[in-house]
Amino acid sequence: MNRFTLPRDIYFGKGSMEVLKSLKGNRAVIVTGGSSMQKFGFLDKTVQYLKEAGMEVKLIEGVEPDPSVETVMKGAEFMREFQPDWIVSIGGGSPIDAAKAMWIFYEHPEVTFDDVKDPFTVPELRNKAKFAAIPSTSGTATEVTAFSVITDYNLGIKYPLADYNLTPDVAIVDSDLAETMPAKLTAYTGMDALTHAIEAYVAGLRSAFSDPLAMQSIEMIKDHLFDSYNGDKNAREQMHIAQCLAGMAFTNALLGITHSMAHKTGAIFHIPHGCANAIYLPYVIDFNKKECISRYAEIARRLGLSGNTEDELTDSLTSMIREMNKKMNIPCSLKEYGITEEDFKANLDKISENAVADACTGSNPRKISVEEMKNLFTCVYYGDKVEF
Ligand SMILES: NC(=O)c1ccc[n+]([C@@H]2O[C@H](COP(=O)([O-])OP(=O)(O)OC[C@H]3O[C@@H](n4cnc5c(N)ncnc54)[C@H](O)[C@@H]3O)[C@@H](O)[C@H]2O)c1
Ligand SMILES: [Fe+2]
């Protein structure tokens, strides 16, 4: 038996935040990040709409990028005192992920972080509150996914909590919020979304349900990411929708080793998640094509890329990704990113072992050993073609 799970309601389009006025409840807690939502007026709007819905509103502000277990536990305690029946999270992937994890420990004070680290171990939610997510970046798609990425800074490890109980009830994909993203954030989060869609299209649990979502997303990202990077408002809206479609695909089809590698190198080399994915993706396609070249060729054909054979089409796809990176000032190798050879070599064993052990490796179309992962990282470092 297979499962395909999405939020019950997805509201989209400019100004769709207004739907908050129609939520039914008594108390809402808003979870948000540093200051961007406050600065651009979206936080005030959220408060106002929820008050118009007749709710008492309290705020949990200042969730840091890559949120910690401590932030989650503190937020859960606040919720236990306030007893909200709606959790409304607004901002980038970080505050929304933190809010999802707070939800677990609000509803289940008896549960520890260790209890829910493994996939599908989150207890039933929605006994106390429902969850609405309003993303302000166009990449993670956490508003529709079953994931919440929380970092244990004592161990220096990022944990992707994964359970369909964490899939929000309401996603509000309002591109007004994405218009304020700076160009670099637009580029990185957009390439994260492209990686989600391409990895989902070849991943272990891909299905007839996830394929069309992934393909549509890839097509929209190709057409709109560069204009969105340059600040075009229509393109920002298209990208906001495209990243959500990619999320709907990967939350069900899962991901692959581009994400495994990004998860395990992000903290060590200080590379933002989307930037790491953008660098690794073409190398991973070259590695995976032994197993699923026809799937990559299908993507290339749909995008109208050139090539008579599956090999030529797949080469066109990797060239297109490299070209997109170049146009948005994303480097093509770890060396070009600025990591020294000494630093790379000192960490190679560790990142290779950790990447193979990452939760996303299991759904990658081609199996990979630690030795192969080392070779793959070495190609990524020097910018060499993957031919094994
Ligand atoms: N849950 C999932 O399915 C999933 C998927 C991929 C990644 N993630 C996680 O999400 C996190 C990254 O999220 P992110 O890339 O959205 O970034 P983020 O939430 O960490 O935000 C990055 C920065 O951008 C700012 N920002 C956000 N929106 C803005 C806007 N509209 N205008 C101006 N500035 C804005 C924030 O204040 C912050 O300083 C990572 O922890 C990653 O591991 C989660
Ligand atoms: Fe991602």
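Bear in mind the structure is a predicted one, so any value in this text is a computation, not a measurement. For ligands, and for the atoms within them, numbers begin at 1 and follow the listed sequence.
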Within-cut-off N or O pair, [X] and ligand 1, under 3.5 Å:
X: Met37; answer: no
X: Ser136; answer: yes
X: Phe147; answer: yes
X: Asp97; answer: yes
X: His196; answer: no
X: Asp192; answer: no
X: Leu177; answer: yes

Looking at Tyr283, is Arg322 sitting on its ring face, NZ or CZ under 6.0 Å from the six-membered ring centre and within 45 degrees of the normal?
-> yes

For Phe226, is the NZ or CZ atom of Lys327 found under 6.0 angstrom from the centre of its six-membered ring and inside 45 degrees of the ring axis?
-> yes

Main chain of [Y], side chain of [X]: is a donor-acceptor contact present, judged purely on distance under 3.5 Å?
X: Glu143; Y: Ala171; result: no
X: Asp85; Y: Asn26; result: yes
X: Asn277; Y: Asp192; result: no
X: Lys100; Y: Thr142; result: yes

Element-labelled atoms of ligand 1 that are located less than 4.0 Å from some non-hydrogen atom of [X]:
X: Pro95; result: 19 (O)
X: Thr189; result: 15 (O)
X: Val149; result: 8 (N), 43 (O), 44 (C)
X: Thr137; result: 14 (P), 16 (O), 27 (C), 28 (N)
X: Asp66; result: 40 (C), 41 (O)
X: Thr145; result: 1 (N), 2 (C), 3 (O)
X: Lys158; result: 40 (C), 41 (O), 42 (C), 43 (O)
X: Ser36; result: 26 (N), 27 (C), 29 (C), 33 (C), 34 (N), 35 (C), 37 (O)

Determine whether the side chains of [X] and [Y] contain a donor N or O and an acceptor N or O closer than 3.5 Å.
X: Asn288; Y: Tyr296; answer: yes
X: Thr361; Y: Ser260; answer: yes
X: His263; Y: His273; answer: no
X: Asp163; Y: Asn165; answer: yes

Here the vertex angle at the Fe ion (ligand 2) for OD1 of Asp192 and NE2 of His196, given to 10°, is 90°

Determine, step by step, whether Tyr106 and Phe78 satisfy the ring-ring contact (aromatic ring centres under 6.0 Å, His included) criterion, reporting the C-alpha distance in whole Å, the side-chain angles of both residues, the deciding distance to 0.1 Å, and the verdict.
-> CA-CA 8 Å; Tyr106 163 43; Phe78 182 90; over 10 Å; no

Nearest protein heavy-atom contact for [atom]: which residue, which atom, what distance?
atom: atom 17 (O) of ligand 1; result: Gly93 N, 4.1 Å
atom: atom 4 (C) of ligand 1; result: Thr140 CB, 3.8 Å
atom: atom 30 (C) of ligand 1; result: Thr180 OG1, 3.3 Å
atom: atom 21 (O) of ligand 1; result: Gly92 CA, 4.6 Å

Just heavy atoms, cut-off under 4.0 Å: does [X] contact ligand 1 by side chain, backbone, both, or neither?
X: Leu185; result: side chain
X: Ser35; result: neither
X: Pro182; result: side chain

Plane angle bin for Phe250 and Phe147 - parallel if under 30°, tilted between 30 and 60°, otherwise perpendicular = parallel

Answer yes if a protein heavy atom lies under 4.0 Å from atom 38 (C) of ligand 1, otherwise answer no.
-> no

Is there a protein heavy atom less than 4.0 Å away from atom 32 (N) of ligand 1?
-> yes

Same apolar cluster (I L V M F W Y, side chains within < 4.5 Å links), Met17/Met181 | no

Test log, rule side chain to side chain donor-acceptor pair (under 3.5 Å), inputs Thr189 and Gln243 = CA-CA 9 Å; Thr189 52; Gln243 64 87 32; over 6 Å; no

The option among Ser94, Ser148, Ala101 carrying the non-hydrogen atom nearest to atom 20 (O) of ligand 1 is Ser94

Decide if atom NZ of Lys39 counts as having more than 12 heavy atoms of other residues, nucleotides or ligands within a radius under 6.0 Å.
-> no

